[in-house]
Amino acid sequence: QVQLVESGGGLVQPGGSLRLACAASGFAFRSYAMSWYRQAPGNERELVAAITSGGDSTNYADSMKGRFTISRDDAKNTVYLQMNSLKPEDTAVYYCKAIRLQFGTVYTYWGQGTQVTVSS
């Protein structure tokens with residue numbers, strides 16, 4: 001059974017930090033590119049950050065560059081998102097996503113999301 005379980009969300013003051021984790025099971029984690037998305041009320045889901053299956057390359061949305069860091073630990077089947085200098089506009093539900101292209105078929109899995117609220 002494929003599972004992606006996010007954790008680490010919560011309430012934080014502006015300027016604070018949070019570290020999200022997404023624990024994967026039921027599929028070959030190390031073969032999948034991983035990414036974090038977020039969705040605020042009334043907004044579309046947007047890409048936050050992505051990391052390749054080998055962990056050798058990362059990509060960030062412009063508004064997150066320099067503040068967020070994505071990383072992965074294949075031994076723990078977990079991807080992380082370190083978020084620093086948080087702003088109220090970072091408030092959203094954060095989701096992790098796994099994706100792999102194999103023999104012409106795209107395999108995609110999503111987690112259930114974790115709420116991040118940035119407020120004083």
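The analysis underlying the following values was restricted to heavy atoms, covering all of them including side chains, and did not include hydrogens, waters or symmetry mates.
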From [X] atom [atom1] to [Y] atom [atom2], the distance as rounded to the nearest 0.5 Å:
X     : Y      : atom1 : atom2 : result
Lys87 : Met64  : NZ    : CE    : 9.5 Å
Leu11 : Ser120 : CG    : OG    : 9.5 Å
Arg19 : Thr69  : CZ    : OG1   : 10.5 Å
Leu86 : Ser119 : CG    : OG    : 12.0 Å
Met83 : Leu81  : CE    : CG    : 5.5 Å
Ser35 : Asn59  : OG    : CG    : 10.0 Å

Answer with yes or no whether the side chains of Asp73 and Thr78 bring together a donor and an acceptor at under 3.5 Å.
no
Do Arg100 and Tyr32 pair up side chain to side chain, a donor and an acceptor below 3.5 Å, judged on atom types alone?
no
If you group Ile, Leu, Val, Met, Phe, Trp and Tyr by side-chain heavy-atom gaps below 4.5 Å, do [X] and [Y] land in one group?
X     : Y     : answer
Tyr80 : Leu18 : no
Trp36 : Tyr60 : yes
Met34 : Val2  : yes

Closest approach of [X] and [Y], non-hydrogen atoms and distance?
X     : Y     : answer
Ile51 : Thr58 : CG1-CG2, 3.8 Å
Ser85 : Ser17 : N-OG, 4.3 Å
Tyr95 : Glu6  : CA-OE2, 3.3 Å
Ala49 : Leu47 : O-CD1, 3.7 Å
Ala98 : Leu4  : N-CD1, 4.0 Å
Phe29 : Asp74 : CE2-OD1, 3.2 Å

Please answer whether the main-chain N or O of [Y] pairs with a side-chain N or O of [X] as donor and acceptor at a distance below 3.5 Å.
X      : Y     : value
Arg45  : Ala40 : no
Gln39  : Glu44 : no
Thr52  : Ala33 : no
Thr108 : Ile99 : no

Run Val118 and Glu89 through side chain to side chain contact (heavy atoms under 4.5 Å, CB included) and show every step you take.
CA-CA 8 Å; Val118 184; Glu89 51 264 42; over 6 Å; no
Is the gap between the ring centers of Tyr37 and Trp110 under 6.0 Å?
yes
Is the Tyr109-Phe27 ring centre distance short of 6.0 angstrom?
yes
Show your reasoning for whether side chain to side chain contact (heavy atoms under 4.5 Å, CB included) applies to Arg38 and Asp90.
CA-CA 9 Å; Arg38 71 184 186 185; Asp90 294 318; 2.8 Å; yes
Evaluate the side chain to side chain contact (heavy atoms under 4.5 Å, CB included) criterion for residues Thr114 and Val93: first the C-alpha distance (whole Å), next the side-chain angles of each, then the deciding distance (0.1 Å), finally the verdict.
CA-CA 5 Å; Thr114 185; Val93 178; 6.0 Å; no
